[in-house]
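All figures in this text were calculated on a predicted structure; none of them were measured in a lab. Letters A, B, ... are given to chains in the order of the sequence lines, protein chains preceding strands, and every chain is numbered from 1.
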2 protein chains.
Amino acid sequence: MIKENKNDKSTEQKILEAAKQVFMEKGIDGARMQDIADKAGINKALLHYYFRSKEKLFEMIFMEEARKFLPKVTSIMVSELTLFEKVEKFVGEYIDTLLQNPLLPIFILNEINRNPKEAIKKIFGNQRPPIDKVDELIAKLVKKGEIKPIKGYELMVNMVSLCIFPFLARPMVQWVTKTTDEEFLKLMELRKKTVVKFVLDSIKK
Amino acid sequence: MIKENKNDKSTEQKILEAAKQVFMEKGIDGARMQDIADKAGINKALLHYYFRSKEKLFEMIFMEEARKFLPKVTSIMVSELTLFEKVEKFVGEYIDTLLQNPLLPIFILNEINRNPKEAIKKIFGNQRPPIDKVDELIAKLVKKGEIKPIKGYELMVNMVSLCIFPFLARPMVQWVTKTTDEEFLKLMELRKKTVVKFVLDSIKK
DNA sequence: ACGCGGTTTAACCATTTGGTTAAACACAAA
DNA sequence: TTTGTGTTTAACCAAATGGTTAAACCGCGT
């Protein structure tokens, strides 16, 4: 039988959590297996007993995090909501995700930079986001005179940019705005509304 | 006397260029001194003859690049232009800078993440961008009924986000939009206009 | 009591890597 | 010619690091 655990968390779980932290903070090249073992409260031998190599361990973590990075774009964009509602839902859910995973963006973008082909495959599978659908949706609303024309991909890129960037540049943003960690998070909380407003004000006619 | 050069570029220059490339692509942890020496067309001994350590070399490169990262925000924002002109100039010049230094954002953000205090000092000196001035400027225009209210820092963050993010996520953007390198650069060229429009449409009344 | 899988200890290994050193060389200026 | 600086060659070093191994330990279920 599998020895479930004498402690609260299983060892595997402790390792994964430690690895996630270390990889997110230092990147794969800066991370040390010893640090991960320490943070997990075990030793290097056991660490390798669970995950044969650094690469494999990183792989696991990346797979786990990759899914979070791509929000339910597709499901939201293909839903029956109006465009305005979609923007609101998209931004809200995305910033919520980032509030719970502040280091996710730099982690993912670094891996995309290091290993674009593989990383992108892991994030998207082989399904490109449905920008055509977005284009169609926009076209309709333009015809109805409700919004100004804008390319679908551009609307998407802009939304994502506005959501993610502050987290990427967090230390800079905090320095410029003289905010504490707590205040920064509050700002991002507010930002859920202001970004939606910013985007909608921009495209509304 | 200093032996100026038998070749076209001085050895120091060749090293700096090689180091820049390697550090930008691999990050400080992923970079190998040997790679830098190879790319510069010299050997490791000479590399260390010029720059005592990896840290020192990285320092040099970072200093050089840090200045580019912060566009002439201050000078533009304090200038006599109208807000609209400022936005246009800011975005235009920033994207131009990025077109010539596509890896600059990920390079700088990684260092900010690794070493926030020092990195920020090197980028900003001790001068925070004049967001107060921006707030004042906005307040005036709001009173005149020309624009909707928005916090100065938020306008700035939004502009910077929209400019930088596509370069950070370049492989993703290219995959989603099915564009070649050349086409991507053209998109960014166009983006100079569309971002300005996006921002101005958002704040104009 | 036994056996087995998780776990520790601790030594060990091979490789990579940043960095050093010393000798020889090339070449231009003095 | 001499001298000094830039440059190469090539060996070398020490530390860090990913990874392995073997022995012993511990606790649980049978």
Side-chain angles (χ1 to χ4, degrees), chain A residues 1-64 107 110-111 114-115 118, chain B residues 1-64 107 110-111 114-115 118:
Chain A
M1 291 294 103
I2 294 162
K3 187 196 245 175
E4 251 311 306
N5 41 4
K6 54 183 171 205
N7 314 328
D8 32 3
K9 297 172 202 166
S10 75
T11 301
E12 190 177 343
Q13 203 50 37
K14 283 194 296 182
I15 293 176
L16 287 172
E17 280 169 29
K20 175 179 159 185
Q21 248 189 73
V22 175
F23 280 137
M24 289 241 176
E25 281 169 18
K26 311 273 187 113
I28 189 177
D29 290 320
R32 296 294 98 124
M33 292 299 269
Q34 189 61 58
D35 293 350
I36 294 173
D38 290 348
K39 187 154 283 183
I42 59 169
N43 54 346
K44 227 177 32 162
L46 191 57
L47 179 54
H48 280 89
Y49 174 81
Y50 274 87
F51 299 90
R52 294 202 185 143
S53 73
K54 192 183 186 184
E55 281 295 337
K56 294 247 190 274
L57 181 52
F58 181 81
E59 183 93 359
M60 294 249 103
I61 304 293
F62 186 77
M63 287 298 243
E64 205 180 312
F107 175 74
N110 268 323
E111 183 59 8
R114 206 181 62 113
N115 197 355
E118 294 302 312
Chain B
M1 292 296 102
I2 294 163
K3 187 195 242 174
E4 250 314 304
N5 42 3
K6 54 184 170 205
N7 313 330
D8 32 2
K9 298 172 202 163
S10 76
T11 301
E12 190 177 344
Q13 202 50 36
K14 283 193 297 183
I15 293 178
L16 287 173
E17 279 169 29
K20 175 179 158 185
Q21 246 188 75
V22 175
F23 280 137
M24 289 242 175
E25 280 168 21
K26 311 274 187 112
I28 187 176
D29 291 320
R32 297 296 100 127
M33 291 299 269
Q34 189 62 58
D35 292 352
I36 294 173
D38 290 348
K39 188 155 284 185
I42 59 168
N43 53 347
K44 225 176 35 162
L46 192 57
L47 179 54
H48 279 89
Y49 175 81
Y50 274 87
F51 300 89
R52 295 201 186 144
S53 74
K54 193 183 185 183
E55 281 295 337
K56 294 249 190 272
L57 181 53
F58 181 80
E59 183 93 359
M60 294 249 103
I61 304 294
F62 185 77
M63 288 297 243
E64 206 180 311
F107 175 74
N110 268 322
E111 182 60 6
R114 205 182 64 113
N115 196 356
E118 295 303 313

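- Between the CG atom of B/Asp29 and the P atom of D/dT17 there is a distance of 10 Å, rounded to whole Å.
- Side chain of B/Lys54, nearest nucleotide from C/dT7, C/dG18, C/dA10: C/dG18.
- Backbone-only engagement by A/Tyr50 is indicated by non-hydrogen atom pairs under 4.0 Å involving sugar-phosphate atoms exclusively.
- Distance from the side chain of A/His48 is smallest for D/dG19 among the nucleotides C/dG19, D/dG19, C/dT7.
- Here the CG atom belonging to B/Leu46 is positioned 11.0 Å from the CD atom belonging to B/Glu12, to the nearest 0.5 angstrom.
- Out of D/dG18, C/dT8, D/dT9, the shortest distance to the side chain of B/Ala45 is found at D/dT9.
- Summarising the geometry, the separation between NZ on A/Lys56 and P on D/dG18 is reported as 16 Å, rounded to the nearest angstrom.
- The side chain of A/Asn43 places no N or O atom within less than 4.0 Å of a non-bridging phosphate oxygen (OP1 or OP2) of C/dT9.
- Atoms CD (B/Gln34) and P (C/dT20) sit 15 Å apart, rounded to a whole Å.
- Two residues are said to be in side-chain contact when any heavy atoms from C-beta on lie closer than 4.5 Å; B/Leu16 and B/Gln13 meet this criterion.
- A/Leu46 places its CG atom 18 Å from the P atom of D/dA22, with the value rounded to the nearest Å.
- One atom, CG of B/Asp35, and another, P of C/dT16, lie 13 Å apart when rounded to the nearest Å.
- Rounded to an integer number of Å, the gap from CE of B/Met33 to C1' of D/dA16 is 16 Å.
- Here A/Lys14 contributes atom NZ and A/Ile42 contributes atom CD1; the two are 7.0 Å apart, rounded to the nearest 0.5 Å.
- For B/Thr11, a side-chain nitrogen or oxygen approaches OP1 or OP2 of D/dT7 to under 4.0 Å.
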Output, in order, the C-alpha distance, side-chain angles, deciding distance and verdict of ring-ring contact (aromatic ring centres under 6.0 Å, His included) for A/Phe51 and A/Phe58. CA-CA 10 Å; A/Phe51 299 90; A/Phe58 181 81; over 10 Å; no
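- For the pair A/Lys14 NZ and C/dG6 C1', the interatomic distance rounds to 11 Å; values are reported in whole Å.
- Contact annotation: A/Arg32 does not reach the phosphate of D/dA16 (side-chain N/O to OP1 or OP2, under 4.0 Å).
- The nearest whole Å value for the distance from the CD1 atom in B/Ile42 to the P atom in C/dC25 is 21 Å.
- Under a 4.0 Å N-O distance rule, the pair A/Arg114/A/Glu111 qualifies as a salt bridge.
- Of the side-chain N and O atoms in A/Tyr49, one or more sit less than 4.0 angstrom from OP1 or OP2 of C/dG6.
- Heavy atoms of B/Ala37 sit nowhere under 4.0 angstrom from any nucleic acid atom.
- Side-chain atoms of A/Lys44 lie closest to D/dG18 of the nucleotides D/dG18, C/dT9, D/dT8.
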